Peer 1: 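Below you'll find the structure I mean.
As the structure is a computational prediction, the values presented were derived from the model and not from experiment.
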Amino acid sequence: MLTPTDCATLLKHYEAMADAARANDWDRLIELETLTVAIRNAANHPLPPLSEIPQEQQEMAATIRRILELDAEIRTHAGPFLESTRKLLSGAVQDRRVRAAYGAG
């Protein structure tokens, strides 16, 4: 389970990923996303139920909401890039098929 420290670290990574997405820095975005996955996968801490710590529950809920907002923003920037990449790759595949069918000119 994520600790408040884990959530704070994830938030910092998501903020940096959003900055990278705004700048179209896809290599940096991938690097940060890889680190973020590692943090999520390593989060294996036993925690008391959050209902016993109301302030911590509110802070974590706000952090998670912000992470989700940033994730949505990242997707709005990455979506068009991924679609253009998909089109480029499908065009290359089709070109290879045509060349294979009719011979390379």
Peer 1: With rounding to the nearest 0.5 angstrom, report the CG to NE2 distance, N24 to H77.
Peer 2: 8.5 Å
Peer 1: Could you walk me through whether R28 and E31 satisfy the salt bridge (Lys or Arg N to Asp or Glu O under 4.0 Å) test, starting with their C-alpha distance in whole Å, then the side-chain angles of each, then the deciding distance to 0.1 Å, before giving a yes or no?
Peer 2: CA-CA 5 Å; R28 178 72 177 141; E31 177 185 317; 2.5 Å; yes
Peer 1: Can you give me the closest heavy-atom contact between T63 and A8, atom names plus distance?
Peer 2: CG2-N, 4.4 Å
Peer 1: Are more than 12 heavy atoms, taken from residues, nucleotides or ligands other than R75, located less than 6.0 Å from that residue's CZ atom?
Peer 2: no
Peer 1: First locate atom CG of L10, then atom CG of L35, and finally report the distance between them rounded to the nearest 0.5 Å.
Peer 2: 10.5 Å
Peer 1: Out of the candidates I30, L70, T36, only one should pair with M17 under the side-chain contact (heavy atoms from CB on, under 4.5 Å) rule; please name it.
Peer 2: T36
Peer 1: Strictly below 4.0 Å, N to O, side chains only: are E69 and R66 in salt-bridge contact?
Peer 2: yes
Peer 1: Between C7 and I67, what is the shortest heavy-atom contact and its length?
Peer 2: O-CD1, 3.9 Å
Peer 1: So how far is it from D71 CG to T76 OG1, rounded to the nearest 0.5 Å?
Peer 2: 10.0 Å
Peer 1: Mind checking whether L68 and Y14 have side chains closer than 4.5 Å, heavy atoms only?
Peer 2: no
Peer 1: Same cluster or not: are V37 and L32 linked, directly or through other Ile, Leu, Val, Met, Phe, Trp or Tyr residues, by side-chain heavy atoms under 4.5 angstrom apart?
Peer 2: no
Peer 1: Are any non-hydrogen side-chain atoms of H13 and E33 less than 4.5 angstrom apart?
Peer 2: no
Peer 1: From M60 CE over to R65 CZ, what is the distance, rounded to the nearest 0.5 angstrom?
Peer 2: 12.0 Å
